[in-house]
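The next block holds one structure in the form of structure tokens; read it before the comments.
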Amino acid sequence: MATSEADEVREYRMAELAEKAGITVRTLRFYRERKLLPPPRREGRIAWYNDHHLARLRTIAALLERGHTLGGIAELLAAFESGRRDVGELLGLPGAAASWPAETPVRLRPEALADYFQGEVTPENLSTSLDLGYLAVDGDEIVHLSRRLLDVSHTLVEQGVPLAAVLGAAREVREHVDAIAETFVTLLRTHVLADAMERGEDVGETMEQLRPLATSVVDAELTMAMNRRMRAELGEAPPRGPPGVAPGASEPAGRYGSESPGTYGSAAPGRTGQ
DNA sequence: ATTCTTACA
DNA sequence: TGTAAGGA
């Protein structure tokens, strides 16, 4: 077939990108200086921008329409990219900084979603996300219920995992974790709750105090399980022993955890390689 | 000559 | 944010 208009990764020079985004070249440079736009690919003298930049410019325009200042938008984008910040709070979302230990929601425009999952925002994936309760539609905006989950999904997709596979795994995890939660609730109900009521204690408070224990248990067990699986995957000799007692296998220093959100952050401009 | 940057308004 | 001047 001849080259259809469904382009590959087309690239634009300053003037063309600016025209497509409905801004002047000067403004384009201005955005770039203010870190609102990722650095373009530099080929000697000329700067090449791609559809990612175009999508971002659309997002910026939408945010400006919504009354945000350039500085605020820069903050927002930086927060979204490096993760770990309360975007909902930045947006002034009600309930974003709620006291209860819930996930912080992220409100974003459809263009922004398409920007971060370039080419993977299919009707099927949208449907799955809605079904899982990850996404909800609010007017002309989309709300993701968890900034953390959105960030992880973004990273996985960027590492080459199809979004459909990510969502499939998410569904699996949801089921398993649901069962775990039931285990703990049952445990507390049958052994703790009755005593607390007898002593006239605040039942809700008691539950909330014990709640982090469940998180700790799952964290520890998951860490150990990941260690076992990874060892097996890497072909190392699996120490056949009762689970939980790994001789000399104290926990490795670094966990799977989220101590370094800047995996692809501010260090090098070079992102998804060619 | 073209494309982008720097500097100034 | 527009525009003029200058480097590559």
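Bear in mind that the values here come from a model prediction, so they are computed numbers and not experimental data. Residue numbering restarts at 1 for every chain, and letters A, B, ... go by the order of the sequence lines.
The residue A:Ala15 sits apart from the nucleic acid: no heavy atom pair falls under 4.0 Å.
Side-chain proximity of A:Arg26 to the nucleotides B:dA7, B:dT3, B:dT5 is greatest for B:dA7. Comparing B:dT5, C:dA8, C:dG2 against the side chain of A:Arg45 picks out C:dA8 as the nearest.
Looking at heavy atoms from C-beta onward, A:Leu213 lies out of side-chain contact with A:Phe184 at the 4.5 angstrom threshold.
Residue A:Arg29 contributes atom CZ, which lies 13 Å from atom C1' of C:dG2 at whole-angstrom precision. When rounded to the nearest whole Å, the span between CG of A:Leu28 and C1' of C:dT1 equals 13 Å. In this structure, the CE atom of A:Met14 is 15 Å from the C1' atom of C:dT3, given to the nearest Å. Atom CD1 of A:Ile46 and atom P of B:dT2 are 14 Å apart (whole Å). A straight line from OH of A:Tyr31 to P of B:dC4 spans 18 Å, rounded to a whole angstrom. As a whole-Å value, the separation of A:Leu70 CG from C:dT1 C1' is 11 Å. Separating the CD atom of A:Glu43 from the P atom of B:dC4 is a distance of 11 Å, rounded to the nearest angstrom. The CD atom of A:Glu19 sits 14 Å away from the P atom of B:dT3 (whole-angstrom rounding).
Under 3.5 Å, the side chains of A:His53 and A:Asn50 contain a donor-acceptor pair of N or O atoms. Residues A:Arg56 and A:Tyr116 have side chains that bring a donor and an acceptor to within less than 3.5 angstrom of each other.
Between A:Arg42 and B:dT5 there is a side-chain polar atom (N or O) within less than 4.0 angstrom of OP1 or OP2. Dashed line: the shortest gap from a side-chain N or O of A:Thr24 to OP1 or OP2 of C:dT1 is not under 4.0 Å.
Atom-to-atom distance recorded for A:Glu43:CD and A:Arg45:CZ is 12.5 Å, nearest 0.5 angstrom.
Using cut-offs of 30° and 60° for the angle between ring planes, the A:Tyr134 and A:His144 rings count as parallel.
Summarising the base pairing, B:dA1 is matched to no nucleotide, lacking a Watson-Crick or G-U wobble pair whose two defining distances lie under 3.5 Å.
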